[in-house]
Structure formats: C-alpha cells, structure tokens
Amino acid sequence: MRALGFVDPKLDRAIQGVGGYPAIRGREQQLIDAYGGVGSPGVANVIRGVSPYNPLGRVYHEASNAAFGPLAPYTGY
C-alpha cells in the first residue's frame with residue numbers, strides 16, 4: 001500500500017468490553033466515510049466496513065458515536 005501513497009497504519013481508537021464490537025464496527029465505517037468513502041483516493045477499502053443494507057448498521061453507528069463521538073454522518077439505509 002505504500003507504493004500507492006499510503007503511510008504506515010496507526011491505531012485510531014480502542015475499546016474493551018461488551019460494547020466494544022459494535023462501536024469498532026461503526027467507527028470503521030465512519031472512518032471510511034470521513035475519508036471519502038469506498039472508491040475515493042484516500043480509502044484503500046474496496047468494500048464498505050458495514051453494508052448499507054445491514055439491519056444493525058444504525059446500531060453500530062450509534063455505538064461508535066456514544067463511545068468515540070461522531071465522525072461522519074450515517075450512510076446506511
């Protein structure tokens with residue numbers, strides 16, 4: 001990925017406990033959206049972290065907001 005212009009990865013946020021999984025899933029998608037979304041030059045992902053059709057997408061998004069604060073608007077259905 002460095003050949004494509006990306007720098008070394010760094011940890012954004014960490015969380016432990018029962019609410020950790022949904023918060024991290026939501027944070028991953030919010031980071032993808034904040035950097036322009038799938039297909040933009042700033043994002044290496046070729047698929048979304050959370051499908052726009054995932055019925056738990058809003059739960060993940062809100063868990064991320066509660067744990068880390070909002071980063072990007074909700075982009076699911």
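This one's a predicted model, so the numbers in the text were calculated from it and none came from an experiment.
Between the S40 side chain and the Y35 main chain, a donor and an acceptor come within less than 3.5 Å of each other.
No side-chain heavy atom of R25 sits less than 4.5 Å from a side-chain heavy atom of V59. In this structure, the side chains of H61 and V50 stay at 4.5 Å or more apart for every pair of heavy atoms. Using a 4.5 Å heavy-atom threshold, the side chains of N65 and Q30 count as touching. Contact of the R58 side chain with the Y74 side chain is registered, since non-hydrogen atoms from C-beta on lie closer than 4.5 Å.
In plain terms, the two heavy atoms of D12 and R27 that are nearest each other are OD2-NE, 2.6 Å. The two residues F6 and V43 come nearest to each other via the heavy atoms CZ-C, 4.1 Å. Smallest separation of non-hydrogen atoms from L56 and N54: N-OD1, 2.8 Å. I32 and N45 make their closest contact through CD1-ND2, 3.4 Å (heavy atoms, listed as atom of the first residue, atom of the second, distance). When all heavy atoms of S64 and A23 are compared, the pair lying nearest together is CB-O, 3.4 Å. Among all heavy-atom pairs drawn from I15 and A67, the shortest one is CD1-CB, 3.7 Å.
Atom OH of Y77 sits in a crowded spot, with more than 12 heavy atoms from other residues, nucleotides or ligands closer than 6.0 Å. Other residues, nucleotides and ligands place no more than 12 heavy atoms under 6.0 Å from the CD1 atom of I47.
Atoms CG and CE, on D8 and M1 in that order, are 12.5 Å from each other to the nearest 0.5 Å. Here the OH atom belonging to Y21 is positioned 11.0 Å from the CD1 atom belonging to I24, to the nearest 0.5 angstrom.
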